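Here's the structure we're looking at; comments come further down.
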Amino acid sequence: MILSPSATEGSPPAADGGAGAVPRHVAIIMDGNGRWAARRGLPRVAGHRAGAEAVRKAIEVAADRGVEVLTLYAFSSENWRRSQDEISDLTGLMRFYLERELATLQREGVKLKLIGEPSAFGSELAAKLERAVEQTANNRRLTLVVALNYGSRAEIAAAARKLAERSRAGECDPAGIDEQALGMELQTADLPELDLLIRTSGEVRLSNFLLWQAAYAELIFLDTFWPDFDEAAFGEALDHYARRQRRFGGR
Ligand code: FPP
């Protein structure tokens with residue numbers, strides 16, 4: 001289902017009032033920067049720049065609305081297929097925003113966590129990211145998880161590999177490996193369950209993002225391009241979540 005921004009406004013409440021709650025963990029596939037720029041006759045990098053501004057707003061809204069964890073898909077392991085110019089524009093933007101926004105993250109009580117394999121971005125940016133993670137480690141208001149060079153299948157395969165190695169070393173019994181054991185080896189093991197996953201731009205797929213974690217998440221697909229995802233759009237998505245009834249496979 002694709003919801004136009006206004007379609008989220010008038011949905012009737014679920015019979016029992018729905019979850020009625022703020023999602024603890026929200027993840028976003030930020031899509032549509034390129035199309036946003038193309039509509040304006042601008043280069044793709046202008047879309048990414050506007051997208052980075054939308055990231056700042058989304059962090060503010062998440063913190064203000066009491067979301068505990070906001071996970072953003074900033075660079076997928078498939079994004080390396082883009083042109084060298086676009087990759088360096090994206091990494092340049094990340095470096096710029098990291099430097100500019102670190103003080104704000106600190107002031108706003110935002111803790112940064114990385115998932116994926118950020119080391120692929122080179123030792124300088126990886127070290128900057130690592131320092132930002134360390135500096136914000138004690139913040140408690142919101143955890144901002146940035147997925148960088150992330151792929152969900154690779155994450156699950158790595159978790160399976162760790163369990164296999166542990167079994168081979170005699171540290172665990174293969175017969176006892178269950179969903180919880182695998183979940184504990186994922187990079188998200190320390191985070192609350194994913195409650196809500198939003199994708200912008202009208203594409204209706206998960207694109208190798210949080211496949212395991214999204215098992216029971218509510219999914220919202222919006223036709224808004226990411227740079228236009230503002231406070232109102234995020235607020236409507238959160239309100240829509242609050243009206244949905246989550247059954248976790250039961251009745
Ligand atoms: C998708 O749009 C977006 C990305 C691949 C990257 C997301 C990056 C940002 C929002 C900017 C920088 C990030 C941070 C964390 C500061 P697209 O290029 O796939 O758009 P298209 O599908 O319309 O071409």
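Counting starts at 1 for both ligands and their atoms, in listed order. Note that this is a predicted model, so its numbers are computed, not measured.
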Name every donor-acceptor pair, under 3.5 Å, that has one atom in a side chain of residues 170-181 and the other anywhere in the protein, sequence neighbours excluded.
unit_1: D173; atom_1: OD1; unit_2: A175; atom_2: N; d: 3.0
unit_1: D178; atom_1: OD1; unit_2: Q180; atom_2: N; d: 3.3
unit_1: D178; atom_1: OD1; unit_2: A181; atom_2: N; d: 2.9

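- The atoms of ligand 1 that sit less than 4.0 Å from any heavy atom of H48 are 11 (C), 18 (O).
- Judged by the shortest distance from any of its heavy atoms, S201 lies outside the 4.0 Å radius around the atoms of ligand 1.
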Under 3.5 Å, which donor-acceptor pairs link side chains of residues 57-66 to any protein atom two or more places apart or in another chain?
unit_1: D64; atom_1: OD1; unit_2: R141; atom_2: NH2; d: 2.9
unit_1: R65; atom_1: NH2; unit_2: D239; atom_2: OD1; d: 2.7

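- For L72, the closest heavy-atom approach to ligand 1 does not fall below 4.0 Å.
- Looking at every heavy atom in both residues, V146 comes nearest to L112 through CG2-CD1, 3.7 Å.
- Counting protein heavy atoms under 4.0 angstrom from atom 7 (C) of ligand 1 gives one or more.
- Around atom CZ of R81, no more than 12 heavy atoms belonging to other residues, nucleotides or ligands sit under 6.0 Å away.
- In terms of N/O distances under 3.5 Å, ligand 1 is not approached by Y73.
- Atoms of ligand 1 found under 4.0 Å from any heavy atom of W226 (numbered from 1 in listed order, with element): 10 (C).
- When each atom of ligand 1 is checked for a heavy atom of R44 under 4.0 Å away, the hits are 17 (P), 18 (O), 24 (O).
- Ligand 1 has an N or O atom lying under 3.5 Å from an N or O atom of N33, backbone or side chain.
- Seen from the ring of W36, R39 does not count as a face-on cation partner, given the 6.0 Å and 45° thresholds.
- For R131 and E99, the salt-bridge test fails: no basic side-chain N is under 4.0 Å from an acidic carboxylate O.
- In this structure, F209 and Y150 have perpendicular ring planes: the angle between them is above 60°, well past the 30° mark.
- Nearest protein heavy-atom neighbour of atom 12 (C) of ligand 1: A52 CB, 4.1 Å.
- In this structure, of E203, R82, M30, the residue bringing a heavy atom nearest to atom 5 (C) of ligand 1 is R82.
- Of all protein heavy atoms, the one lying nearest to atom 15 (C) of ligand 1 is A74 CB, 4.1 Å.
- Heavy-atom proximity to R35, at under 4.0 Å, picks out these atoms of ligand 1: 21 (P), 22 (O), 23 (O).
- No side-chain N or O of H240 forms a donor-acceptor pair with one of E218 less than 3.5 Å apart.
- Looking at E108 and L142, their side chains never come closer than 4.5 Å, going by heavy atoms from C-beta outward.
- Residue N79 has no nitrogen or oxygen atom sitting less than 3.5 Å from a nitrogen or oxygen atom of ligand 1, judged on distance alone.
- Set against the non-hydrogen atoms of G34, the atoms of ligand 1 under 4.0 Å away are 17 (P), 18 (O), 20 (O), 21 (P), 23 (O), 24 (O).
- For the residue pair R44/S83, the side-chain donor-acceptor check at 3.5 Å is not satisfied.
- Polar contact check, Y97 against ligand 1: no nitrogen or oxygen pair lies under 3.5 Å apart.
- Polar contact check, V146 against ligand 1: no nitrogen or oxygen pair lies under 3.5 Å apart.
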